[in-house]
K.L.:
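Sharing a structure, written as structure tokens. Questions coming.
Scope of the values below: all heavy atoms of this structure, side chains included, with no hydrogens, waters or symmetry mates.
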Amino acid sequence: MIINLFNSIIASINYSQIIYLTIGAILSLIGSLGVMLIERCINSRGQINLYKKNVFIKNFDITCEICDNRLYVPTRIEIVNTKNTSVLLRNINLELFYNNKFKKKMLQMEEIGTRTSTNYGTYGNDKKYSIIVPNKSVSSLEFLYILDNQNKFEFNNIRLSFYDEKDKKHYYRFMTLSQGWSTQKKFHDKDWIKLEKL
């Protein structure tokens with residue numbers, strides 16, 4: 001009885017319909033994946049451009065300079081995101097190099113002065129050196145980097161670095177100081193300078 005029922009069910013199955021349904025499901029899946037890939041390509045179009053302007057330390061008469069064997073870099077960074085998706089810049093830092101050899105990372109200052117004094121100032125994105133920049137927008141942040149020359153190392157250029165949302169590290173040429181610690185001049189920028197991606 002059960003065998004007869006099973007045989008009659010098997011006999012009533014239309015295999016051509018199953019094949020058509022399977023092919024339709026596969027084509028639908030391929031179409032959905034194709035649309036997702038096209039949307040991702042469209043949304044990732046555009047680019048990120050970084051601009052810098054070395055400024056004075058808030059409430060102090062100190063600009064980007066080397067003083068008493070200490071390097072000060074107060075700077076504004078402008079991030080222009082022309083993509084259709086938001087972008088993450090995590091751990092925005094300055095790194096010192098001698099030619100292409102890494103030497104030292106600078107210290108990211110969250111604040112300067114005491115909270116009760118008139119020369120108090122904060123830096124970064126609410127004291128963080130990371131930011132999410134919305135799609136098709138511009139964000140501007142003020143940072144302060146400091147480094148003491150305790151180990152007497154040589155450097156001749158500074159690079160800006162950050163990590164993206166995939167933890168990939170990116171480098172931009174920030175400034176060249178051919179004389180390193182012996183540099184005498186101050187580096188106050190009068191206008192925005194576009195940073196070159198390395």
K.L.:
Please report the shortest heavy-atom distance between Leu160 and Ile92, naming the atom on each side.
P.N.:
CD1-CG2, 4.1 Å

K.L.:
Looking only at side-chain N and O atoms, does Asn156 offer a donor or acceptor that is under 3.5 Å from a partner on Asn99?
P.N.:
yes

K.L.:
Where do Lys190 and Lys53 come nearest, in terms of heavy atoms and distance?
P.N.:
O-CE, 3.7 Å

K.L.:
Looking at CZ of Phe162 and OG of Ser130, how far apart are the two atoms once the value is rounded to the nearest 0.5 Å?
P.N.:
11.0 Å

K.L.:
Can you name the closest pair of heavy atoms from Glu95 and Lys169 and give their distance?
P.N.:
OE2-NZ, 2.9 Å

K.L.:
Got a second to check how far Met106's CE is from Leu144's CG, nearest 0.5 Å?
P.N.:
8.0 Å

K.L.:
As an exercise, state the distance from CD1 of Ile131 to CZ of Arg90, rounded to the nearest 0.5 Å.
P.N.:
14.5 Å

K.L.:
Less than 4.5 Å apart, side chain to side chain, heavy atoms only: is that true for Asn100 and Arg159?
P.N.:
yes

K.L.:
Tell me the closest heavy-atom pair linking Trp181 and Leu147, and the distance in Å.
P.N.:
CH2-O, 3.7 Å

K.L.:
Spell out, yes or no, whether Tyr51 and Ile158 are grouped together once hydrophobic residues are joined by side-chain heavy atoms under 4.5 Å, including indirect joins.
P.N.:
no

K.L.:
Membership question, hydrophobic clusters at under 4.5 Å side-chain separation (ILVMFWY): are Phe153 and Leu107 in the same one?
P.N.:
yes

K.L.:
Below 30° counts as parallel, above 60° as perpendicular, anything between as tilted: where do the rings of Tyr129 and Phe143 land?
P.N.:
tilted

K.L.:
Distance-only, no hydrogens or angles: does the Ser161 side chain make a donor-acceptor pair with backbone N or O of Tyr171 under 3.5 Å?
P.N.:
no

K.L.:
Side chains of Ser86 and Asn135 only: does a donor on one sit below 3.5 Å from an acceptor on the other?
P.N.:
no

K.L.:
Give a yes/no verdict on a cation-pi contact between Lys52 and Phe174, requiring under 6.0 Å between NZ or CZ and the six-membered ring centre and an angle within 45° of the axis.
P.N.:
yes

K.L.:
Check for me, please, whether Val80 and Leu50 land in the same ILVMFWY cluster - side-chain distances under 4.5 Å, paths through other members count.
P.N.:
no

K.L.:
With side chains defined as the heavy atoms from C-beta onward, is the minimum distance between Val87 and Asp164 less than 4.5 Å?
P.N.:
no

K.L.:
Quick check: closest heavy atoms across Ser139 and Val133, and the distance to 0.1 Å?
P.N.:
OG-CG1, 3.8 Å

K.L.:
Looking at side-chain heavy atoms only, is the closest gap between Leu71 and Tyr145 below 4.5 Å?
P.N.:
no

K.L.:
Distance from Leu88 atom CG to Asp167 atom CG, nearest 0.5 Å?
P.N.:
8.5 Å

K.L.:
Decide whether Leu177 and Leu198 are clustered together by the hydrophobic rule: side chain heavy atoms of Ile, Leu, Val, Met, Phe, Trp, Tyr closer than 4.5 Å, transitively.
P.N.:
no

K.L.:
Between Met175 and Asn54, is there a side-chain heavy-atom distance shorter than 4.5 Å?
P.N.:
yes

K.L.:
Verify the neighbour count for atom NZ of Lys101: are there more than 12 heavy atoms of other residues, nucleotides or ligands below 6.0 Å?
P.N.:
no

K.L.:
Could you give the distance from CG (Leu89) to CD (Glu165), rounded to the nearest 0.5 Å?
P.N.:
8.5 Å

K.L.:
Nearest 0.5 angstrom please: Lys194 NZ to Asn49 CG, how far?
P.N.:
4.0 Å

K.L.:
Tell me if the aromatic rings of Tyr98 and Phe155 count as close, with their centers under 6.0 Å from one another.
P.N.:
no

K.L.:
Hey, are the side chains of Phe97 and Lys103 touching, using non-hydrogen atoms and a 4.5 Å cut-off?
P.N.:
no

K.L.:
Do you know which two heavy atoms are closest between Trp192 and Glu78, and how far apart they sit?
P.N.:
CZ3-CB, 3.7 Å

K.L.:
Taking Asn91 as the fixed residue, which of Gln108, Lys128, Lys105 is the one that meets the side-chain hydrogen bond (donor to acceptor under 3.5 Å, both in side chains) rule?
P.N.:
Gln108

